[in-house]
Amino acid sequence: MTQLDTRSDASATVVRRAAPPATALPAARRDVVPLLLAPILALAMLPLLSLPTWITLTAAGLAMGMMIFLVASGLTLVFGLMNVLNFGHGAFVTVGAYTATLVLLPMRGSLDADSLGANLGALGLAALLAMAVTALLGWAFERVVIMPVYGQHLKQILITMGGMIVSEQLINVIWGAEAIPLPLPAALRGAIFLGDAPVEKYRLLAVAVGMLVFAAMVMTLNRSRIGLLIRAGVENGDMVESLGYRIRRLFVGVFAAGSALAGLGGVMWGLYKETLSASMGSDLLVTVFIVVIVGGLGSVEGCFIGAVLMALVQNYAGFLAPKLNLVSNVALMILILLWRPAGVYTKGKL
Amino acid sequence: MPIRLLSGDLPRSRPLSGALLLIALGLALAPFLFSGARPLNTAATICVYVVLVASYDLLLGYTGIVSFAHTMFYGIGAYGVGIALASSDEPGWAIMLAGLALALLLTVVLALVIGLFALRVRAIFYAMITLAVAASFGVLASQLSDFTGGEDGRTFSVPALLSPGFTPLEHAVFGRVVDGRLITYYIVFFGSLLLFLFLLRLVNSPFGRVLQAIRENEFRAEALGYRTVVYRVLANVLAAVVAALAGALMALWLRYVGPKTMLGFEVMTDILLIVVIGGMGTMYGAVIGAFLFILAQNYLKTLMGQASDALAGVPMLAAAVHPDRWMLWLGVLFVLSVYFFPIGIVGKLRLRRLRG
């Protein structure tokens, strides 16, 4: 059976090679300008800062950007595919972080042990549980809360806002209203030195996780069949439906995956902040929205660029002019929107 | 005459008229009906919230714009009055009005900029952008602590006429000593009444009809020749100005401005809840909604505290009815009412009359 498949694949390739695409569409031109924004910004900051400070700030910005990307990517995918803007997305962040404490607090022992393996094991377990719970919650949320209001933006905004209020309060009911301290695992505390520049170890982990997820997402979207369907669905959902694919099932899957990513982002963010509070999700949501707007609704690549750009701006601004920290985000958003009114990359229907 | 005062927009439901009349009378006579600071405080808050919510309804219910920046304008109005009065040793009317004028100017400019910037895009985009801008503004207000008092906010004294120590009359009127507090209450009450009647006039004017047309079908309104962007920007500016005035009244009443009470996201969720529960697209919904909500906020919490004490043995349930968790129940009510009750209390009452 497998042999047969390979053979038919091979013959298909041969056929394609035999008949060169005479009427093929010209390849879309790659739009590289947005990709250069973050490096240009980083280089432009170099003369203003000493080299060690620059390295520390850039690493911190990258780490923060990756974590925000984790949260924002799900939101933007769900929007691109289903045309649903989930104002309750922040709730998954909070739930993910709080769920992780169910693993992390009892496993104090292996977290305090000075072994990277045991630390990462416990962290991985916590992240897996958090992702499983948030995926399940996302699935239920889509079924129960969002399904009745497809296509009605006003109601979507109100309903998902309501969902967020309720979930925030429920977390207070279950875990209590006090903020929960969440110390970093022993092996991830402290910093390593790149030359004179201290870079916190945890930030390196965050960058690694973020890059990994981004790579996995890009691969899935661009190389797999599911990804093909998702991209087609973002372009034209009705067409994919009429080709006989159950786009509804795809929707739910993407929603659950997006929620799981938000959950993962929540665990990472909670460890970064080292305290959890019920409002952490809604606090982060503002930043996430800015990233999604900057990146262009529905575009994962844009979202990645937006997240890195925004985190870098915030870190540099936080160092150079601390008072203007959060306002720098809005300034970035305004500048980008003046340049490209729909964000750097636009997918889907705007 | 009363019909003209209400711009011909009658409640159109007997229970609704009764309830509105009772609320109006209750608020008008509150200082004489109740004693103590708490009921009067509740009444003043209701007055201000009616205006705040009604001005938000102009956006959400009448024009179909979802904005999260409404508290920003409310806060600007409040801070304008507050900072002006706090900055002078001799708090007088002139400096207060100057502060208010500056605040209104800032409001108009900001509303215009945000509006022109974002109203050309879809509702969902606008909601996100306003949320981001409002959040940044809140952070800015709490960061510039030299100017705004930071997280603690600022207390200030009001012009002598409004301070509690001012008693122009020797004898009591209807058993109530006439003091600055009473005068302040009536400034808040009549200010709110005027603003509310203005909003009612606005939504029943040709301008208001165009807004409703835009809400129903923007494409058609555009096709009829209305410049929808202009109308939406105007609605945005008007709603913002009224919100700023409501904020100024609130600051005058509280003699305090702070980021939590004026700019906090809780205020925004309160407004959303009240609009939906009262009824979107009906100015009277703001009155009914604000009345019920503020009453519940002030008195239901006490009740929940008692219930929580009674259930002290049951772990989850006691936490669920803890007075701090009252937003949980309101949130559930909110979601349910968006699904099953989207026209709100006022809409439901009017519908009953139409069917009846």
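Quick caveat: nothing in here was measured; it's all calculated off a predicted structure. Hydrogens, waters and symmetry mates are skipped; everything else that's a heavy atom, side chains included, is used. Below, chains carry the letters A, B, ... as their sequence lines are ordered, and counting in each starts from 1.
Across all their heavy atoms, Gly331(B) and Val166(A) have their closest contact at C-CG2, 3.4 Å. In this structure, Met333(A) and Ile129(B) approach most closely via the heavy-atom pair CE-CG2, 3.8 Å. Closest approach of Val330(A) to Ser136(B), counting heavy atoms only: CG2-OG, 2.8 Å. Across every non-hydrogen atom of Gln143(B) and Pro322(A), the tightest pair is OE1-O, 4.1 Å.
Heavy-atom contacts from other residues, nucleotides or ligands closer than 6.0 Å to CZ of Arg209(B) number more than 12. Other residues, nucleotides and ligands contribute only 12 or fewer heavy atoms inside 6.0 Å of the CH2 atom of Trp329(B). For Lys155(A), the NZ atom sits in a packed shell: over 12 heavy atoms of surrounding residues, nucleotides or ligands are nearer than 6.0 Å. In this structure, Arg220(B) places its CZ atom where only 12 or fewer heavy-atom neighbours from other residues, nucleotides or ligands lie under 6.0 Å away. Around CZ of Phe147(B), the count of heavy atoms belonging to other residues, nucleotides or ligands within 6.0 Å does not exceed 12. When the shell of 6.0 Å around CD of Gln152(A) is examined, it contains more than 12 heavy atoms from other residues, nucleotides or ligands. Counting non-hydrogen atoms of neighbouring residues, nucleotides and ligands closer than 6.0 angstrom, the CH2 atom of Trp139(A) reaches no more than 12 such neighbours.
Every residue meeting the salt bridge (Lys or Arg N to Asp or Glu O under 4.0 Å) condition with Arg340(A), not counting sequence neighbours, appears here in chain and number order: Asp31(A).
At least one side-chain heavy atom of Leu170(A) sits less than 4.5 Å from a side-chain heavy atom of Leu328(B). Side-chain atoms of Leu131(B) and Phe87(A), non-hydrogen and from C-beta on, do get closer than 4.5 Å to each other.
In terms of modelled atom types and a separation under 3.5 Å, the side chain of Tyr339(B) and the main chain of Val145(A) share a donor-acceptor contact.
When heavy atoms are compared at a cutoff of 4.5 Å, Phe68(B) approaches chain A solely by way of its side chain, counted from C-beta outward. In this structure, the portion of Val66(B) lying under 4.5 Å from any heavy atom of chain A is its side chain and not its backbone.
Taking CG of Leu75(A) as the start and CE of Met128(B) as the end, the distance is 6.0 Å to the nearest 0.5 Å. The CZ atom of Arg325(B) sits 5.0 Å away from atom CD of Gln169(A), with the distance rounded to the nearest 0.5 Å. The CG atom of Leu154(A) sits 5.5 Å away from atom CE of Met280(B), with the distance rounded to the nearest 0.5 Å.
Residues of residues 156-164 of chain A that come closer than 4.5 Å to chain B, counting heavy atoms only, are Gln156(A), Ile157(A), Leu158(A), Ile159(A), Met161(A), Gly162(A), Gly163(A), ordered by residue number.
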